[in-house]
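The structure appears below as structure tokens.
What you see is a predicted model; the values in this text were computed from it and never measured. Whatever order the structure lists ligands and atoms in, that order sets their numbers, starting from 1.
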Amino acid sequence: MSGLQIRLSEKLNLKAKTAVIIGAQWGDEGKGKIVDVLSDNFSVVARYAGGHNAGHTVIINGKKFILQLVPCGVLRKDCRGVIGNGVVLDPLAFLDEVGRLRDAGVKVDGNLFVSNRAQVILPYHRMIELAAENAPGRVKIGTTSRGIGPAYEDKMGRRGLRVIDLLDAQLLRTHIENACREKNMIGHALFNSEPIDADKMYAEYSRAAEKIAPYVRDTAALLNRAIADGEPVMFEGAQGTMLDIDHGTYPFVTSSSATSGGVATGTGVPPTAISQVIGVTKAYCTRVGGGPFPSEIGDAVGEQLRKRGNEYGAVTGRPRRCGWLDLPLLRYSNMINGSTWLVVTKLDVLDELAEIPVCIGYKINGKKISEIPADAAGFEKIEPTYETLPGWKQSTVGITDFEKLPARARQYLEFLEGASGGARIAMVSTGPEREQTIFMPDFAREILAREKKAGRQAS
Ligand code: GDP
Ligand code: IMO
Ligand code: MG
């Protein structure tokens with residue numbers, strides 16, 4: 001690896017390509033920051049999964065934005081944002097977020113689009129989720145209480161409301177009346193929940209629908225046209241590989257396809273149009289909510305990482321559980337997502353440590369295992385094997401050139417890359433600000449160096 005530095009604004013004239021940014025761990029890897037940095041070279045950024053359970057933090061010149069539903073790309077004037085069909089959209093949360101962005105001077109009108117096929121989250125989804133999470137005898141997942149799971153249940157049960165239906169007043173009224181009757185009965189019978197008033201809900205959501213209407217598009221058509229026109233399009237993952245409904249630590253997962261496979265179904269862009277997958281991993285590991293976490297650190301060192309890394313949920317404020325970098329999981333994530341590039345974030349958080357353990361393998365009953373367990377019980381049996389690397393005990397905050405990192409920090413990154421199963425380091429993040437970023441030269445040539453086209457006006 002060499003430290004050739006490529007300026008953010010430098011653009012070579014390469015063929016337009018698409019890129020997927022995914023979380024390689026349990027979410028909160030710093031995807032928001034990375035999408036923001038890279039969006040300088042993309043015309044469109046699209047979300048494909050999850051909802052406002054996501055909290056993507058972007059800090060620009062000291063100003064903090066936490067995006068939940070809106071793709072981070074909208075923070076740049078010449079970048080359009082798309083909320084794809086795979087997202088579950090809470091209309092009130094969306095309008096709130098758009099309002100906050102507008103107040104902060106961000107352009108959202110005319111460059112932010114919502115899929116007409118996205119599913120809608122309604123208040124009874126939250127009611128059912130809260131009741132189920134707190135019901136005696138249920139496995140508590142530690143969700144974000146946003147109604148995400150029940151909304152995806154209704155989608156798959158073919159009884160959900162889509163954005164296109166939200167805009168049809170008659171259909172909306174009928175849907176709300178029928179759904180409230182059913183959900184109130186279920187809520188009362190199973191959890192003794194307070195009933196929800198359908199009339200009030202209709203009044204509130206029909207008003208919200210009018211405000212959302214200008215953003216609604218056939219976003220699959222929009223994205224495919226942008227790609228056909230040669231515009232660079234980025235897909236912004238939410239959550240992380242280990243929270244994926246199929247590939248994560250089930251049942252301690254979210255309810256959508258957070259992995260790169262979710263892009264195709266969640267946007268209507270075919271797999272053949274996806275050219276790059278970039279996995280984002282912290283230099284260590286965190287998880288918020290319940291569920292297995294093999295490399296978790298319970299002692300004062302965990303607390304030290306939490307403090308230094310400010311590891312508190314962007315959405316819920318909950319303290320994040322902290323642990324060491326887990327290489328078996330990183331290799332698993334690279335396999336599932338097809339990531340060929342890795343972005344390592346929060347390197348600076350390790351600056352003060354004299355020694356840094358890294359989980360290099362798993363054993364169960366003393367025997368090495370090469371596959372990741374499919375069940376939570378299997379995860380609980382894991383005995384992680386660690387290799388301890390020397391710390392660098394020097395500040396890396398804000399370093400933008402790989403060669404300027406302390407030698408031991410470079411060794412740490414090279415060790416990570418060498419054990420990642422073939423992926424290469426693309427970028428290293430040394431602080432939360434845009435500029436606190438190292439670009440590796442090969443990546444810069446391949447991904448950053450692309451022409452941003454003006455693009456056709458979305459109709
Ligand atoms: P996301 O959900 O993957 O976008 O990540 P979050 O925004 O939930 O959490 C990442 C947190 O780490 C945010 O508070 C970021 O501002 C912060 N962050 C991102 N990169 C770095 C970094 O390199 N160093 C430090 N110290 N903080 C970072
Ligand atoms: P970003 O995009 C971290 C976790 C919750 C819980 C589980 C299920 O910011 O990385 P849900 O409300 O989705 O049904 O909760 O998933 N979770 C996240 N953890 N980052 C996220 O998003 C998360 N989104 C959901 O804490 O354990
Ligand atoms: Mg987050």
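Protein heavy atom at the shortest distance from atom 10 (C) of ligand 1 is Asp28 O, 3.8 Å. When only non-hydrogen protein atoms are considered, atom 17 (C) of ligand 1 lies nearest to Lys346 NZ, 3.9 Å. For atom 16 (O) of ligand 1, the closest heavy atom belonging to the protein is Pro432 CB, 3.4 Å. Given atom 12 (O) of ligand 2, the protein heavy atom at minimum distance is Thr144 OG1, 2.5 Å. Counting protein heavy atoms only, atom 15 (C) of ligand 1 is closest to Thr57 CB, 4.0 Å. Protein heavy atom closest to atom 26 (N) of ligand 1, with residue, atom name and distance, is Asp348 OD2, 2.8 Å. Closest to atom 2 (O) of ligand 1, if we only count protein heavy atoms, is Gly55 O, 2.9 Å. For atom 22 (O) of ligand 2, the closest non-hydrogen atom on the protein side is Gln239 NE2, 3.5 Å. Here the heavy atom of the protein found nearest to atom 27 (O) of ligand 2 is Val288 O, 3.2 Å. Nearest to atom 13 (O) of ligand 2 among the protein's heavy atoms is Thr254 OG1, 2.6 Å.
Two rings, from Phe94 and Tyr215, have their centers less than 6.0 Å apart.
Ligand 2 places these atoms under 4.0 Å from at least one heavy atom of Trp26: 3 (C), 19 (N). Taking every non-hydrogen atom of Arg318 and a distance limit under 4.0 Å, the qualifying atoms of ligand 2 come out as 5 (C), 26 (O). In summary, the atoms of ligand 2 found under 4.0 Å from a heavy atom of Thr143, numbered by their order in the structure, are 6 (C), 11 (P), 12 (O), 14 (O), 15 (O). Heavy-atom contacts of Gly289 reach the following atoms of ligand 2: 27 (O) (cutoff under 4.0 Å). Ligand 2 places these atoms under 4.0 Å from at least one heavy atom of Lys31: 1 (P), 2 (O), 10 (O). Short contacts between ligand 2 and Ala238, defined as distances under 4.0 Å to a heavy atom of the residue, involve ligand atoms 2 (O). For ligand 1 and His56, the ligand atoms under 4.0 Å from any heavy atom of the residue are 1 (P), 2 (O), 4 (O), 7 (O). For ligand 1, the atoms sitting less than 4.0 Å from at least one non-hydrogen atom of Ser429 are 20 (N), 21 (C), 22 (C), 23 (O), numbered in the order shown with element in parentheses. In summary, the atoms of ligand 2 found under 4.0 Å from a heavy atom of Ala54, numbered by their order in the structure, are 1 (P), 2 (O), 9 (O), 22 (O).
Looking at ligand 1, you won't find any N or O of Ile59 less than 3.5 Å from one of its N or O atoms.
The residue among Glu311, Gln68, Glu236, Arg320 with a heavy atom at the shortest distance from atom 9 (O) of ligand 1 is Arg320. Residue nearest to atom 4 (O) of ligand 1, selected from Gly32, Ala314, Gly237: Gly32 (by heavy-atom distance). With atom 17 (N) of ligand 2 as the reference point, the heavy atom nearest to it among Asn53, Leu243, Thr316, Asp28 is part of Leu243. With atom 6 (C) of ligand 2 as the reference point, the heavy atom nearest to it among Gly142, Gly51, Gly30 is part of Gly142.
In summary, the side chains of Asp78 and Ser43 do not present any donor paired with an acceptor at a separation below 3.5 Å, with no hydrogens or angles considered. In this model, no donor atom of one side chain and acceptor atom of the other lie less than 3.5 Å apart for Glu153 and His125. Between the side chains of Arg217 and Thr219, no donor-acceptor pair of N or O atoms lies under 3.5 Å. Side-chain atoms of Gln276 and Thr340 form a donor-acceptor pair, as typed in the model, at a separation below 3.5 Å. A donor-acceptor contact under 3.5 angstrom links the side chains of Tyr284 and Glu311, judged on distance only. Asp244 and Thr259 are linked by a side-chain donor-acceptor pair at a separation below 3.5 angstrom, with hydrogens and angles left out of the test. Judged purely by distance below 3.5 Å, without hydrogens or angles, the side chains of Tyr362 and Asp326 pair a donor atom with an acceptor atom.
Neither the backbone nor the side chain of Glu433 comes within contact range of ligand 1; no heavy atom lies under 4.0 Å. The part of Thr430 lying near ligand 1 is the backbone, judged by heavy-atom distances below 4.0 Å.
Residue contact check for ligand 2: Val253 places a non-hydrogen atom closer than 4.0 Å to it. At least one heavy atom of Gly431 sits less than 4.0 Å from an atom of ligand 1.
The minimum heavy-atom distance between Thr430 and Asp348, with the atom names listed, is C-OD1, 3.4 Å. Contact detail for Val315 and His52: the closest heavy-atom pair is CG1-O, 4.0 Å. Taking every heavy atom of both residues into account, Ala24 and Thr241 meet most closely at CA-OG1, 3.7 Å. Between Gly291 and Phe252, the closest heavy-atom pair is CA-CG, 3.4 Å.
Among the candidates His56, Met234, Arg47, the single residue satisfying the side chain to side chain contact (heavy atoms under 4.5 Å, CB included) test with Cys72 is His56.
Lys282 contributes atom NZ, which lies 11.0 Å from atom OG of Ser429 (distance to the nearest 0.5 angstrom).
A distance-only check finds no donor-acceptor pair linking the side chain of Ser39 to the backbone of Phe42 [under 3.5 Å].
Atoms OD1 of Asp28 and O of Gly55, as seen from the Mg ion (ligand 3), are separated by an angle of 160°, to the nearest 10°.
When the shell of 6.0 Å around NZ of Lys140 is examined, it contains more than 12 heavy atoms from other residues, nucleotides or ligands.
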